[in-house]
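Structure, as structure tokens:
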Amino acid sequence: MASSPTRRGQRDLTTGPIALTLLAFALPTLGSNILQSLNGSINTIWVGRFLGEGAVAATANANTIMFLMFALVFGFGMASTILIGQSMGRRDVEAARRAFGASIGLVMGGAVVVAALGWIFTPDILRVLATPPSAMPLALAYLRVIFLGLPASMLLVLLSMALRGIGDSITPLWFTMLSVLLDSGLNPVFIRGWFGMPAMGIAGSATATLIASHVAAFGLLAYVYARDLPIRLRGHELSYLIPSLALTRTILSKGLPMGAQMLVMSVAALTMTGLVNRYGIETTAAYAVSLQLWGYIQMPALAVGAAVSSMAAQNIGAGFWDRVDRITRAGLIFSAVLTSTMVLAIIAFDRPVMGLFLGGESPAIAIARHIQVLASWNFIIFGMTMVLFSTVRANGAVWAPLIMLFVAMYPVRIGFALLCQPTMGADALWWSFPLGSCANFVMALCYYRYGGWRNQRLVVPAERAQEQVPSSAEPAGRLHPSS
């Protein structure tokens, strides 16, 4: 029997055919990811065409800072998504609301403080990043406006992740589409001063993002209340925005390791970029184009992983462990098939696509095609690893994936690249990608099969849990052996 939505866009992820439910849940998330990437590309085109290379460099420096901010929000959002999903699986709506309220209170409070400090210390931040002097005024104007929009942007991310936790991946897609349409459409209006608007230059691009974030975030919030969705807070429930000490510890202890995974990957990517730069401008350009293509190759795997996490969390909460294993198997198959299709498409049509970035006669194209053949297939393994990590994280196991990722990124990938460069040259860099992914997959599979992640139970602590739980208790959200 197919799972029927309880409200528009929602699904009970503990019933119905697993494969169809997983695919139906993952596709809207994939659509959201594609829209966000296209939005960034379109905005970069507007800035580059109207304001030049210096403005593009300025936005790149600002976006590096924003990525670090959103890495932490991703971790806290995933922690609350898991708690919400498990609570919905147990049919405990009150616990889901407490988890949601706590994540909103913690992140939004921090976002306001970060936005204020960011506005004040923007010049110092850009100097630490060694922003080129020619790009400094532009980066300063852009980043200060972006900091003003940070709370609304984070609210939109948290609301979208919470809705996925209750089984709704459609609504976040619509409001992501709204944000993208507004952002990309308003960019030229405020940059050039069209339709009577002031010509704000690069600050206009940031203003478009600020407006789009606020409209989408508060529009989505209004939708949650208009539809009376389970995560809405009313009356005494508004007190959940000030979380208990126990719930704060739960979200922090689970969210920080998940956010750290993004930071680990980012630092590894920066390290690899430094190694690539030693081979000259053509190799650097080829690698830059490869990164653009890899961003799209990864999207199906990330979408399937997010769907697996939400489905597994609800079924773990309901105690349906047989479905958890079947969800994982379906996720592995979907991730492998979709990512393989993307890899084959990129390799088959790589020359015309790369020509858009490099020009059809660029000598970097041959290098980029060589990189694709050696390294792109690693994302098939990467995607399957993300599925395994998504399942174990759905039961609160977050430290093991972080440790395994660190080992795969540094001792394996970076270590191999450094050791083998003298004999293999640049090929050592490209082969390090599949080697690191294979090592990560083997560790993840062993942990999934033989690790103790199943023998714990993650729940939202009671409202007065900080008074009830002994000081020697596990601070990560009352983990107990499952019965």
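Put simply, the side chain of Thr81 never gets that close to the backbone of Gly165: no donor and acceptor are under 3.5 Å apart. Side-chain N or O atoms of Ser376 include none that pairs as donor or acceptor with a backbone N or O of Val373 at under 3.5 Å. With hydrogens and angles disregarded, a donor-acceptor distance shorter than 3.5 Å links the side chain of Trp46 to the backbone of Ser184. Put simply, the side chain of Asn395 never gets that close to the backbone of Val392: no donor and acceptor are under 3.5 Å apart. Looking only at distances, a side-chain donor or acceptor of Thr21 sits under 3.5 Å from a matching main-chain atom of Pro17. A donor-acceptor contact shorter than 3.5 Å is absent between the side chain of Gln261 and the backbone of Leu405. Looking only at distances, a side-chain donor or acceptor of Thr391 sits under 3.5 Å from a matching main-chain atom of Val387. Listed for the Ser437 side chain is no donor-acceptor partner under 3.5 Å among the backbone atoms of Pro434. Between the side chain of His370 and the main chain of Ala366, no donor-acceptor pair closer than 3.5 Å is present. Of the possible donor and acceptor atoms, none in the side chain of Arg329 sits under 3.5 Å from a partner among the backbone N and O of Val324.
Between the CZ atom in Arg369 and the CD1 atom in Ile346 there is a gap of 12.5 Å [rounded to 0.5 Å]. Here the CG-CE distance, from Leu338 to Met299, works out to 13.5 Å after rounding to the nearest 0.5 Å. To the nearest 0.5 angstrom, Leu83 atom CG is 9.0 Å from Ser103 atom OG. Of the inter-residue distances, the one linking Met154 atom CE with Ile104 atom CD1 reads 11.5 Å to the nearest 0.5 angstrom. In this structure, CD1 in Ile42 is found 9.5 Å from CG in Asp183, a value given to the nearest 0.5 Å. Residue Asn440 holds its CG atom at 11.0 Å from CG of Leu435, rounded to the nearest 0.5 Å.
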Between Phe76 and Met258, does the side-chain contact (heavy atoms from CB on, under 4.5 Å) criterion hold? Intermediate values first, please.
CA-CA 8 Å; Phe76 296 137; Met258 285 189 280; over 6 Å; no
Derivation and outcome, side-chain contact (heavy atoms from CB on, under 4.5 Å), residues Leu163 and Ile231:
CA-CA 8 Å; Leu163 286 173; Ile231 58 172; 3.9 Å; yes
Evaluate the side-chain contact (heavy atoms from CB on, under 4.5 Å) criterion for residues Leu155 and Leu159: first the C-alpha distance (whole Å), next the side-chain angles of each, then the deciding distance (0.1 Å), finally the verdict.
CA-CA 6 Å; Leu155 177 61; Leu159 286 170; 3.9 Å; yes
Full working for side-chain hydrogen bond (donor to acceptor under 3.5 Å, both in side chains) between Asn277 and Thr284
CA-CA 5 Å; Asn277 288 341; Thr284 300; 3.2 Å; yes
Show, in sequence, the C-alpha distance, side-chain angles and deciding distance for Tyr223 and Trp174, and conclude whether the side-chain contact (heavy atoms from CB on, under 4.5 Å) test is met.
CA-CA 11 Å; Tyr223 178 89; Trp174 294 124; over 6 Å; no
Before you tell me yes or no, could you show the steps for Trp377 and Trp430 under ring-ring contact (aromatic ring centres under 6.0 Å, His included), namely the whole-Å CA-CA distance, both residues' side-chain angles and the distance that decides it to 0.1 Å?
CA-CA 11 Å; Trp377 63 271; Trp430 321 139; over 10 Å; no
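Both the sub-6.0 Å distance and the 45° axial angle are satisfied by Arg454 relative to the ring of Tyr448.
Taking both residues in full, the closest heavy atoms of Gly149 and Ser213 are given as O-CB, 4.5 Å, listed atom of the first, atom of the second, then distance. Listed here is the closest heavy atom pair of Met108 and Pro151: CE-O, 3.1 Å. For the residue pair Ala96 and Met88, the shortest heavy atom distance occurs at CB-SD, 4.0 Å. Contact detail for Ala307 and Leu22: the closest heavy-atom pair is CB-CD1, 3.5 Å. Heavy-atom minimum distance, Gly77 versus Met161: C-CE, 3.6 Å. Closest non-hydrogen pair, Ile82 versus Ala313, comes out as O-CB, 3.9 Å.
Ser205 and Asn187 are linked by a side-chain donor-acceptor pair at a separation below 3.5 angstrom, with hydrogens and angles left out of the test. Inspection of the Tyr279 and Gln421 side chains reveals an N or O donor paired with an N or O acceptor under 3.5 Å. Side-chain atoms of Ser390 and Ser309 include no donor-acceptor pair closer than 3.5 Å.
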Give the table of side-chain donor-acceptor pairs shorter than 3.5 Å for residues 28-37, with sequence neighbours excluded, one pair per line with atom names and distance.
| from | atom 1 | to | atom 2 | distance (Å) |
| --- | --- | --- | --- | --- |
| Thr29 | OG1 | Phe25 | O | 3.4 |
| Ser32 | OG | Pro28 | O | 3.2 |
| Ser37 | OG | Asn33 | O | 3.3 |

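When side chains are defined from C-beta on, Leu38 does not count as touching Val180, because their heavy atoms never get closer than 4.5 Å. In this structure the side chain of Lys254 never reaches within 4.5 angstrom of the side chain of Ser80, judged on heavy atoms. Leu388 places a side-chain heavy atom less than 4.5 Å from the side chain of Phe441. Leu429 has its side chain out of reach of Tyr287: every pair of non-hydrogen atoms, C-beta onward, lies at least 4.5 Å apart. Leu150 places none of its side-chain heavy atoms less than 4.5 Å from the side chain of Ile146. Counting heavy atoms from C-beta on, the side chains of Met443 and Val407 come closer than 4.5 Å. With a 4.5 Å cut-off on side-chain heavy atoms, Leu138 and Tyr142 do not count as touching. Side-chain contact between Thr339 and Val304 is absent, with no heavy-atom pair separated by less than 4.5 Å.
Each ring pair (Phe, Tyr, Trp, His ring centres under 6.0 Å) pair with one or both residues in residues 293-315, not counting sequence neighbours, appears once here: Trp294-Phe379, Trp294-Phe433.
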